Every structure is written in structure tokens, then in C-alpha cells.
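Data first, discussion second: the structure below is written as C-alpha cells.
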Amino acid sequence: MRIAVLTGAGISAESGLATFRAGDGLWERHRVEDVATPEAFARDPALVHRFYNARRAKAADARPNAAHRALAALASRHDLVLITQNVDDLHERAGSRSVIHIHGSLTRALCAACAHRWDAPAVMSAGDPCPACAARAIRPDIVWFGEMPHHMEIVWEALAAADLFVAIGTSGNVYPAAGFAQHAGRCGAECIEMNIDDSANARDFDRRILGPASQTVPDWVASLGA
Ligand code: APR
């Protein structure tokens with residue numbers, strides 16, 4: 001069985017990382033326009049670096065939970081494509097390989113001048129030179145609002161080929177990811193949603209499994225068998 005899984009901030013919530021749209025979420029405490037757009041970075045790069053330095057530190061301190069581990073185990077038994085909107089590396093640290101990060105990654109840095117990419121240091125700052133071209137234009141390798149998500153060609157193909165599409169811990173508010181269930185469903189996949197609460201695109205799924213990801217995901221993986 002070919003399985004495509006999409007994860008969102010909800011899968012890392014029980015590892016202690018804030019989601020975006022909850023009452024105490026990141027977008028309650030920060031305005032998207034101040035920290036997560038190219039315009040914000042052009043206006044105040046120091047503020048944007050501070051925001052992502054803090055998130056990088058939080059992510060480094062967090063540990064993968066049972067949901068991340070269950071997905072890593074699933075890959076050894078099924079043909080799995082794991083797509084995430086998350087910029088943390090908890091899937092990798094749980095043992096998943098080839099994770100497709102469509103919104104980029106906190107562990108990587110990008111030069112806005114020459115497009116060179118490298119492993120991000122724990123603390124990035126606006127004045128640091130790019131290791132390749134020395135321009136002082138380094139930024140987190142994160143996809144901001146208004147920018148193109150990464151690896152979309154591979155993702156659309158994986159969704160079209162999937163027998164089963166599962167979205168875990170995502171509110172279904174941000175496209176293109178919010179449209180993945182519709183695409184996979186039209187191409188013939190069964191679509192399952194796992195969330196602790198209602199999502200914006202619940203109608204696109206054939207089945208919903210309500211509950212915390214650290215319980216629902218291991219249970220679902222166990223139910224698939226070998
Ligand atoms: N188990 C399962 N689901 C959970 C849990 C949990 N323990 N805790 C929270 N959730 C669910 C919430 O109900 C919500 O639907 O996770 C979802 C988190 O939604 P968002 O905060 O909107 O995160 P996400 O969908 O990943 O956001 C998408 O928005 O701002 C951008 O780039 C950012 O990648 C992010 C994108």
C-alpha cells in the first residue's frame with residue numbers, strides 16, 4: 001500500500017512546540033507580517049532572526065514523541081512518503097529519512113544573494129556573511145508567506161500515486177497543503193484526518209480520528225499491521 005502522510009504543527013505540540021493558530025499559538029503572540037514574510041525580513045532582519053533563533057533553540061530542546069516514532073516505524077513496513085509543514089527536525093530525530101519539508105527547515109540557512117544553503121548555526125544574525133559569497137544577506141531556510149513551498153512537484157506526484165492519504169495535526173488553513181486531501185481523494189486515495197479538534201477542511205476526508213497525535217498515530221500505525 002502506498003501511503004502519503006502530511007504532518008502539521010499539531011504532531012509536535014506534545015513535544016512542547018507551540019502550534020500557530022491556538023489561543024496561545026505563535027500567531028497570537030507575533031504578527032505574521034512582522035516575522036514571516038520577505039517584507040518583514042527586508043524591514044527588520046534582526047527581529048526576524050531573533051524570532052527564528054528562539055524557535056531553533058526550542059526545537060533543539062524538544063524531543064520527538066510517540067507519533068513521530070510511529071511514523072518512522074511505519075516507513076520500514078510500507079511505501080511511505082512523509083511530507084511535513086513543520087520546520088522542526090523531530091521526524092528526522094525519531095528516525096524518519098527523506099522527510100519532505102515543504103516549508104523549509106530551522107536547521108538550514110539560505111543566502112538571499114546567491115541561494116547557497118548550509119547547516120544553520122544555533123544563532124544566526126543579520127550581519128553574518130554567507131560562507132559561499134560573503135554577502136550579508138543570510139536568512140533562515142524557511143518558506144515565508146508569499147513564497148513558493150519547496151518540492152511541490154514530488155509532492156503532487158506522491159499524492160496522485162497514494163492509496164491512502166493521512167493528514168495529522170494540521171488546521172487546513174494554509175495552501176497548498178490544505179488542498180492535498182482534495183487532490184489525493186480525486187486521484188483515488190482514501191483520506192484520513194487525525195486531529196485533536198476540528199479543521200478547516202474536514203469535509204475533504206473520508207474518515208476522521210479525533211484525539212492527541214501521540215495516541216492516535218501509534219494506534220493507527222499498529223492497526224495497519226505488517
Ligand atoms: N494532536 C493532534 N492534533 C493537534 C494536537 C495534538 N496533540 N494539538 C494541536 N493539534 C491540531 C490543532 O487542532 C490544529 O488543527 O494541530 C493543528 C495545528 O494547526 P496550526 O497551528 O494552524 O498549524 P499548521 O496547520 O501546521 O499550520 C500550517 O501555517 O503559519 C503557517 O507555516 C506555518 O507550517 C505552518 C502552516
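What you are looking at is a predicted structure, and each value in this text was computed from that prediction instead of being measured. Only this structure's heavy atoms are used, side chains among them; waters, hydrogens and symmetry mates stay out. Position 1 is the first residue of the sequence; numbering continues from there. Just follow the structure's listing: the first ligand is 1, and inside any ligand the first atom is 1.
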>> Students should be able to answer this: which protein heavy-atom is nearest to atom 13 (O) of ligand 1, and at what distance?
In response: N195 OD1, 2.7 Å

>> Side chain, backbone, both or neither: which applies to V174 and ligand 1 if a contact is any heavy-atom pair less than 4.0 Å apart?
In response: side chain

> Would you say ligand 1 has an N or O under 3.5 Å from any N or O of D198?
Replying inline: no

> What part of A13, side chain, backbone, both or neither, has a heavy atom within less than 4.0 angstrom of ligand 1?
Replying inline: side chain

> Any idea which atoms of ligand 1 are less than 4.0 Å away from a heavy-atom of G211?
Replying inline: 1 (N), 2 (C)

> Quick check: does A9 get an N/O under 3.5 Å from an N/O on ligand 1?
Replying inline: yes

>> Below a 4.0 angstrom heavy-atom separation, can you tell me which part of H103, side chain or backbone, both or neither, approaches ligand 1?
In response: side chain

> Can a donor-acceptor pair be found between the side chains of R50 and N53 at a distance below 3.5 Å?
Replying inline: no

> Do S12 and D88 get their side chains close enough for a donor-acceptor pair, meaning under 3.5 Å?
Replying inline: yes

>> If I apply the N/O under 3.5 Å rule, does S171 come out as touching ligand 1?
In response: yes

>> Below 30° counts as parallel, above 60° as perpendicular, anything between as tilted: where do the rings of F41 and W144 land?
In response: tilted

>> Do the side chains of R139 and E147 get close enough for a salt bridge, i.e. N-O under 4.0 angstrom?
In response: yes

> Taking NZ, NE, NH1 and NH2 as the nitrogens, is one of them in R136 or D128 under 4.0 Å from a carboxylate oxygen of the other?
Replying inline: no

> ligand 1 versus R21, non-hydrogen atoms closer than 4.0 Å: side chain, backbone, both, neither?
Replying inline: both

> Does the N or O separation between F20 and ligand 1 drop below 3.5 Å for any pair?
Replying inline: yes

> Does ligand 1 have any atom that is closer than 4.0 Å to a heavy atom of S214?
Replying inline: no

> So does R186 pair up with D204, basic N to acidic O under 4.0 Å?
Replying inline: no

> Can S105 and D141 be counted as having a side-chain donor-acceptor contact under 3.5 angstrom?
Replying inline: no

> Any N or O of N86 that comes nearer than 3.5 Å to an N or O of ligand 1?
Replying inline: no

> What are the atoms of ligand 1, with element, lying closer than 4.0 Å to any heavy atom of A213?
Replying inline: 1 (N), 2 (C), 6 (C), 7 (N)

> Hey, does G169 come in under 3.5 Å of ligand 1, counting only N/O atoms on both sides?
Replying inline: yes

